[in-house]
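As the structure is a prediction and not an experimental result, all values here were calculated from the model. Ligands are counted one by one from 1 in listed order, and the atoms in each one are counted from 1 as well.
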Amino acid sequence: MTASIVIVGAGFSGAVVARQLADAGIASWVVDGRSHVAGNAHTERRSNGVMVHVYGPHIFHTGFQNVWEYINKFGAMQPYNHRVKATSGGKVYSLPVNLHTINQFFGLTLSPKEAEAFIASRADTSIDVPVSFEDQALKFVGRDLYEAFFKGYTQKQWGVSPTELPASILARLPVRFSYEDSYFNHPWQAIPKDGYTPIVEAMLDHPLIEVTLNRTVTPDELSTAEHVFWSGPIDEYFSGQFGRLGYRTLDFVETEESGDFQGCPVMNYCDANVPYTRITEHKHFAPWESHEGTTLYTEYSRLAAEGDIPYYPIRQVKEKEQLHQYVQAGQTASRVTFLGRLGTYRYLDMDVTIKEALDVAEEFLASRREQRQMTPFVVNPL
Ligand code: UDP
């Protein structure tokens, strides 16, 4: 260890903090257990020329102007509008649920106003404050749409009943009473022209940043560091002392074909009896490129076991107490800041990850200037 500031994880969180500190004249050591930077946003071009999102689809979208400007400093971002289709009960629909989906599903020709009234009449009005995913779905779209598009997919994706999951997962998806079928609402939506990995490499490319890959570190090894930014799993930092937190991992079956396999980047399979959740056809993430070959990922979700890459924090409603203990431990631990998807055990999009890392770096620099303790960065994950 050469620098006294250690950043564990070379994903967006770690890279942004390292860069902000370096730009302020502070050296850091960034260490990551994997053989590449960029964490789960890592991209690689296959021999057929297709840029593959190695750990599954990553679409950059944000409403934070400062984050948009920040990422653009490190590589060219190509405007990209994400559209998703869903297969349910042997038919293909438009997602997220929009006027087209509603009219297709119910065989109607409703106007926006009529659709709104129609869905409201099917929604469960007895649910006041939705706590679980299922409450949220029944309150906002009613049972038919819930069962067609959310119940099976969510059960496969999370491995638990939607009654056990927080409402916030569904709150990620809009329901629209217009034909707007863009998956995200944000004003800036893009995919890096050369992939995410060169962007993170550019962030880390600074004489005050030392990067070590293929190296796992334990908190004990870091006890002499002046400060540690930990973007690995928070429960791993505390040796699972309050119990292991649950994560889902993904298995991708990669196949190559020629031509256009499915005509869209992502096709979700919402039925419970189809074992996979979705098929991603990576070349559709780069419509500005042209390739004869095509690379597909058929995606299966399962509970992460020891040694698996953690993807999604499960955050079961019943885990609230356990999470609370980790949050408290994180708050009281000195000289360590937890950040990112795994460090804060939250379902984070890339833009929020970058925004929070910028905020964390700013607070660290301010605390140094003002010679005071850094305010702990802790967000309740439920
Ligand atoms: N979801 C669903 N059906 C779909 C798409 C999403 O039930 O066809 C639910 C599911 O629980 C999923 C969540 O909505 O985990 C968030 O979806 P998103 O597309 O944001 O998932 P990501 O791409 O982050 O895996």
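Close approach of ligand 1 to Arg278 is summarised as follows: ligand atoms under 4.0 Å from at least one heavy atom of the residue are 22 (P), 23 (O), 25 (O). In summary, the atoms of ligand 1 found under 4.0 Å from a heavy atom of Ile169, numbered by their order in the structure, are 11 (O), 13 (C). Counting the atoms of ligand 1 from 1 in the order shown, those under 4.0 Å from a heavy atom of Arg172 are 16 (C), 20 (O), 24 (O). Short contacts between ligand 1 and Cys270, defined as distances under 4.0 Å to a heavy atom of the residue, involve ligand atoms 8 (O). Annotation for ligand 1: atoms under 4.0 Å from non-hydrogen atoms of Gln157 are 15 (O). Annotation for ligand 1: atoms under 4.0 Å from non-hydrogen atoms of Asn268 are 4 (C), 5 (C), 8 (O).
Remark: minimum distance from atom 19 (O) of ligand 1 to any protein heavy atom is reached at Tyr183 OH, 2.5 Å. In this structure, the protein non-hydrogen atom closest to atom 10 (C) of ligand 1 is Thr154 OG1, 3.4 Å. Atom 22 (P) of ligand 1 has as its closest protein heavy atom Tyr347 OH, 3.1 Å. Of the protein's heavy atoms, Leu173 CD1, 3.5 Å lies nearest to atom 14 (O) of ligand 1. Counting only heavy atoms of the protein, atom 1 (N) of ligand 1 lies nearest to Tyr153 CD2, 3.6 Å. In terms of protein heavy-atom proximity, atom 3 (N) of ligand 1 is nearest to Phe149 O, 2.8 Å. Distance from atom 15 (O) of ligand 1 to its nearest protein heavy atom, with residue and atom name: Trp158 NE1, 2.9 Å.
A distance-only check finds no donor-acceptor pair linking the side chain of Ser168 to the backbone of Ala171 [under 3.5 Å]. A donor-acceptor pair is defined here as one N or O able to donate and one able to accept, closer than 3.5 Å; no such pair exists between the side chain of Gln371 and the backbone of Arg368.
Looking at heavy atoms from C-beta onward, Asp32 lies out of side-chain contact with Thr212 at the 4.5 angstrom threshold. Looking only at side-chain heavy atoms (C-beta outward), Leu296 and Glu257 come within less than 4.5 Å of each other.
The distance criterion of under 3.5 Å between nitrogen or oxygen atoms is not met by Phe133 with respect to ligand 1. The shortest N or O to N or O distance between Phe150 and ligand 1 is below 3.5 Å.
Counting non-hydrogen atoms of other residues, nucleotides and ligands closer than 6.0 Å to CD of Glu254 gives a total above 12. At most 12 non-hydrogen atoms from other residues, nucleotides or ligands lie less than 6.0 angstrom from CG of Asp128.
For Tyr345 and Tyr326, the distance between ring centers is not under 6.0 angstrom.
To the nearest 0.5 Å, atom CH2 of residue Trp68 and atom CE of residue Met77 are 5.0 Å apart. Atom OH in Tyr276 sits 15.0 Å away from atom OG in Ser301 (nearest 0.5 Å).
Under the 30°/60° scheme for interplanar angles, the aromatic rings of Phe229 and Phe364 are found to stand perpendicular. By the 30° and 60° cut-offs, the orientation of the rings of Phe285 relative to His282 is perpendicular.
If you look at Leu95 next to ligand 1, the close heavy atoms, those under 4.0 Å, all belong to the side chain. Residue Tyr312 touches ligand 1 through its side chain alone, judged by heavy-atom distances below 4.0 Å.
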